[in-house]
Amino acid sequence: MGDIVVGISDYKCSKNRDDVLVTYALGSCIAVVVYDPVAVVGGMLHFMLPDSSLDKKKAEEVPAMFADTGIPLLFKTCYSLGAEKRRMKVKVIGGASILNDDNYFRIGQKNITAVRRIFWKNNVLIEGEDTGENYNRTVRLRMMDGKCFIRSSGGMTKEL
Amino acid sequence: MIKKILDRINTLPPFPVTVNKVMQILQSDDYAVRDVVEVIKRDPAVATNILKICNSAYFGPHKPIKSISDAVVFLGQKQLSKAMQTASAARYYKKGKRVYGADAVDLWEHSVAVAIMSQILMRQIHDREDENLYTAALVHDIGKLVMGEFVEEETDQIFRLVSQGYSFLEAEEKVLGINHADLGGKIAEYWHFPRELCQAIAFHHRPDLLSEEEATDLPYLVYLSDQYTLMMGIDGGMDGLAHRGIGSVLERFHLKEVNLERSLVQLYDELNRARELMEMQR
């Protein structure tokens with residue numbers, strides 16, 4: 001039991017109600033959090049970039065780096081632990097941008113668009129979303145009840 | 001408040017003489033390894049750190065290096081200079097020191113990441129590495145370290161302004177009268193860093209404010225390395241992404257978004273190798 005840390009370009013899944021999955025300091029990266037309350041199976045992905053076409057070789061080595069390779073992996077791993085798609089609650093957090101970015105530093109925005117498109121295509125409803133803005137976020141998923149907490153770089157914690 | 005902050009600079013330990021001495025020796029291409037070793041050995045704190053750094057995966061020896069002289073030979077001129085800067089800067093970022101509600105070791109991790117990113121960009125743009133840029137990137141946030149001692153109460157005020165749309169820098173100026181970049185530039189002057197380095201530190205969030213002749217690549221590359229490290233979420237637990245974007249920076253270096261996305265992939269790889277450097281303060 002305890003905190004299971006999800007690094008950058010990393011994902012973790014759990015079916016242990018004592019676990020808390022946590023990822024620190026999402027900047028423009030995005031965390032996808034999933035939870036099946038019946039099977040008590042949850043997972044968290046911390047991806048960095050929207051599209052694996054950037055570097056196919058890297059995507060094979062580290063699929064969790066990209067939205068399009070990381071998200072399927074997160075779901076499949078949860079299925080293997082007993083989760084079912086129709087019961088899974090999905091939350092999306094992160095994708096911050098710098099101020100008045102002149103459309104030059106758009107990775108945060110591109111990540112948000114990528115994640116929304118993937119879920120829309122797969123008929124998955126995003127139940128909670130806390131994205132954009134210009135602060136970093138730390139995310140926790142409490143396995144015992146599926147509650148998801150977000151702490152921003154300003155220090156405020158809220159439940160999503 | 002400003003006066004109190006500026007006065008604090010004079011109480012900072014000077015940048016280790018060892019570094020300056022080694023740098024001087026290294027400037028000549030036919031330096032004697034023995035001379036360098038002598039200087040490093042006289043500073044046990046730096047010597048210990050050099051061994052630690054040299055054995056990190058980032059500098060990558062195939063077998064463990066146990067003596068300073070082996071380290072000097074193995075690293076060679078350019079890498080040794082980076083290792084020296086890392087060893088010396090590390091002493092300011094001690095665990096337990098509070099900076100804007102975070103710990104100085106978090107700021108150290110951010111600083112190492114920015115230094116590593118600076119070399120990735122340098123290779124991408126100019127096909128070589130640059131020790132000056134490495135140093136500027138490594139200590140770019142030194143102002144925050146000093147500022148952090150004064151802002152226990154003001155931190156909330158600063159974050160409140162940021163949530164109203166101020167940039168972190170603007171919020172610092174409004175609340176404290178000075179921002180951490182300016183302060184860092186002054187600390188670099190106090191350390192007798194070359195002028196170009198002082199400016200790169202002072203303008204690392206706003207290189208566009210430098211005059212045309214002062215606006216060399218150095219401040220822009222520190223800026224870009226910092227922005228991209230912040231986007232990866234490695235912010236030392238403080239300012240997040242509350243900084244102004246300067247669109248012209250990509251044009252200046254003929255970079256496209258895809259280049260930068262690739263450099264983030266590279267940063268990810270190199271950070272894995274630099275784990276020991278980042279965590280040497282823990």
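Just so it is clear, the structure is predicted and the values come from calculations on it, not from any experiment. Protein chains get the first letters and strands the later ones, always in sequence-line order, with residue 1 at the start of each.
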**Message:** Under a 3.5 Å threshold, yes or no: a donor from one side chain and an acceptor from the other, between A:N16 and A:S14?
**Reply:** no
**Item:** Non-hydrogen side-chain atoms of B:Q266 and B:I116 separated by less than 4.5 Å
**Value:** no
**Item:** Winner by heavy-atom pair count (cut-off under 4.5 Å) against chain A, out of B:D269, B:V162, B:V258, B:T155
**Value:** B:D269
**Asked** Just wondering, do B:L241 and A:L99 contact through their side chains at under 4.5 Å, heavy atoms?
**Response** no
**Message:** For a side-chain hydrogen bond (donor to acceptor under 3.5 Å, both in side chains) check, start with the C-alpha distance between B:Y100 and B:E172, then their side-chain angles and the critical distance, and finish with the verdict.
**Reply:** CA-CA 11 Å; B:Y100 277 110; B:E172 281 184 327; 2.4 Å; yes
**Asked** Quick one: does B:V114's side chain get under 4.5 Å of B:L138's, heavy atoms only?
**Response** no
**Message:** Shorter than 4.5 Å, heavy atoms on both sides: which option in B:K256, B:M231, B:M232 has the most such pairs with chain A?
**Reply:** B:M231
**Message:** Under 6.0 Å between ring centres: does that hold for B:H204 and B:H180?
**Reply:** yes
**Item:** Under 3.5 Å side-chain donor-acceptor pair for B:H243 and B:D226
**Value:** no
**Request:** May I ask you to check whether B:S163 and A:Y135 show a side-chain donor-acceptor distance below 3.5 Å?
**Result:** no
**Asked** What parts of residues 68-76 of chain A touch chain B if we use heavy atoms and a cut-off under 4.5 Å?
**Response** none
**Message:** What part of B:L230 gets within 4.5 angstrom of chain A, counting heavy atoms only: side chain, backbone, both, or neither?
**Reply:** backbone
**Asked** In terms of heavy-atom proximity below 4.5 Å to chain A, should B:L267 be classed as side chain, backbone, both, or neither?
**Response** neither
**Best-contacting candidate, A:L54, A:V62, A:L49, A:T138, against chain B by heavy atom pairs under 4.5 angstrom** = A:L54
**Message:** With a 4.5 angstrom heavy-atom cut-off, is it the side chain or the backbone of A:I8 that approaches chain B, or both, or neither?
**Reply:** both
**Asked** Just wondering, do B:V99 and B:D106 contact through their side chains at under 4.5 Å, heavy atoms?
**Response** no
**Message:** B:E213 vs B:S211, test: side-chain hydrogen bond (donor to acceptor under 3.5 Å, both in side chains). Steps then yes/no.
**Reply:** CA-CA 6 Å; B:E213 68 198 59; B:S211 71; 4.9 Å; no
**Fill in**
Ordered numerically, the heavy-atom neighbours of chain B under 4.5 Å found in residues 27-47 of chain A are A:G27, A:S28, A:C29
**Message:** Ring-plane angle category for B:Y93 and B:W108, please: parallel below 30°, perpendicular beyond 60°, tilted otherwise.
**Reply:** tilted
**Message:** Name the residue from B:R244, B:M117, B:H205 that meets the side-chain contact (heavy atoms from CB on, under 4.5 Å) definition with B:Q227.
**Reply:** B:H205
